[in-house]
Each structure stands twice: as C-alpha cells, then as structure tokens.
Amino acid sequence: MNYWLVKSEPFKYSWEKFNQDKRTFWDGVRNYQARNNLREMKEGDLVLFYHSNEGKEVVGIAKVVKEAYQDPTTDDTNWVVVDLSPVETLKKPVTLETIKADERLKDISLVRQGRLSVMGLKAAEFDRIIELGS
DNA sequence: GCCAACGTTGGC
DNA sequence: GCCAACGTTGGC
C-alpha cells in the first residue's frame, strides 16, 4: 500500500464537487514526475486531496479505484489518468502552514517541491496529516 | 499581481 | 549535451 497527495485548485475541481461526483478520473497532469507517480498508484492506495491556491489545505482522503490508463482528454500517449473516489472528509482541514510548522512534515514534497501536483508520501507522513486533521 | 522555483524547449 | 529563454505553478 502506498500513500499519495494530489493537488487541485478548488475553482477547477473542488473536494465538494468530487464528493458529489463520487468518482472522477484525475486528468490534467502534464508533468513527467507527476505522471510517473500516477503510474505507480495501485488500486486501494490512499490519496490525500489538497486544495492549492485557495485554502491551501488538505481537505480529505480519497482512494485509487482504477489504476493508470490513457488520458481520455488527449491522444498523446504520454499522459495517463487514474480513477479516484472520496473516502472521508477531514474533521479539520490541515493547512500548509500547519504542515510547514510540523517537525515531522516539513520535509515532504508538498513543502520542498511546491510545484509538483502528484507526490508520494511515507506512511508516517500520511498518518501524521490524518492525525492533525482529526 | 508579483515573484520564486523549476520544468521544458530550442539554439548552438 | 549545455544552457539561456520561456512558460507554468503556486505561495504570498
């Protein structure tokens, strides 16, 4: 089991919308590193959902329900999507500020590599964020 | 709205 | 294959 974090700008695709949809394919990734991460996702992996720009906080937990396949929004075979479904909304969103201030989280990719939109998390980091969000 | 970080592109 | 120019992302 692996753990991930994905970013979405709320005005583009929000957690609320995701919960209405119940399931979505995660498209729009046009960065090789993020793409490689998508390809490594396995069914059942847990994914934190982060609102970038507006909010700047982790708002919920999703899971991978379908592994990487050709991005239906383009013919370019470089790009893939995965299907995600919402699992749980965090009681308290975990803000970027909180994450940066946390000794155990200050080295995660979200902080160190701000522009990456799909990143892996260690189990301990994932657990810590959940802990902060409950 | 600005700017830093960083990935990508293209000229050489 | 290097590196400057450029574009995009995202925090502030």
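Here is the naming used below: chain letters follow the sequence lines, and residue numbers restart at 1 for every chain. Only a predicted model underlies this, so the values are computations on that prediction, with no experimental measurement involved.
With values rounded to the nearest 0.5 angstrom, A:Met119 atom CE is found 8.5 Å from A:Tyr50 atom OH. Interatomic distance, CG of A:Asn2 versus CE of A:Met41, reported as 9.5 Å (0.5 Å rounding). Taking CD1 of A:Ile129 as the start and CG of A:Leu121 as the end, the distance is 5.5 Å to the nearest 0.5 Å.
Here the P atom of nucleotide C:dG11 and the CD1 atom of A:Ile99 are 10 Å apart, to the nearest Å. Rounded to an integer number of Å, the gap from CZ of A:Arg112 to C1' of B:dC6 is 14 Å. Rounded to an integer number of Å, the gap from CD of A:Glu54 to C1' of C:dC12 is 14 Å. Note: CG (A:Leu116) to P (C:dT8) measures 18 Å, nearest angstrom. Here the C1' atom of nucleotide B:dG7 and the CZ atom of A:Arg115 are 6 Å apart, to the nearest Å. Protein atom CD of A:Gln113 is 15 Å distant from nucleotide atom C1' of C:dG11, rounded to whole Å. Nucleotide C:dT9 holds its P atom 16 Å from the CG atom of A:Leu110, rounded to whole Å. Atom C1' of nucleotide B:dG1 and atom CG of A:Asn53 are separated by 12 Å, given to the nearest angstrom.
Listed in residue order, the members of residues 30-40 of chain A having a heavy atom less than 4.0 Å from DNA chain C come to none.
Between A:Lys100 and C:dC12 there is a side-chain polar atom (N or O) within less than 4.0 angstrom of OP1 or OP2. The side chain of A:Tyr50 places no N or O atom within less than 4.0 Å of a non-bridging phosphate oxygen (OP1 or OP2) of C:dT9.
Minimum atom distance to the side chain of A:Lys7 is reached by C:dG10, of the listed C:dC12, B:dC6, C:dG10.
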Given the rule in the side-chain contact (heavy atoms from CB on, under 4.5 Å) test, do A:Arg128 and A:Leu105 qualify, once you have shown the distances and angles that lead to the verdict?
CA-CA 8 Å; A:Arg128 179 60 180 153; A:Leu105 296 173; 3.7 Å; yes
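A donor-acceptor pair shorter than 3.5 Å cannot be found between the side chains of A:Trp26 and A:Asp83.
Using a 30° and 60° split on the angle between ring planes, A:Phe49 and A:Tyr13 fall in the tilted class, from 30° to 60°.
Cation-pi geometry between A:Lys66 and A:Tyr69 is met: under 6.0 angstrom from the ring centre, within 45 degrees of the axis.
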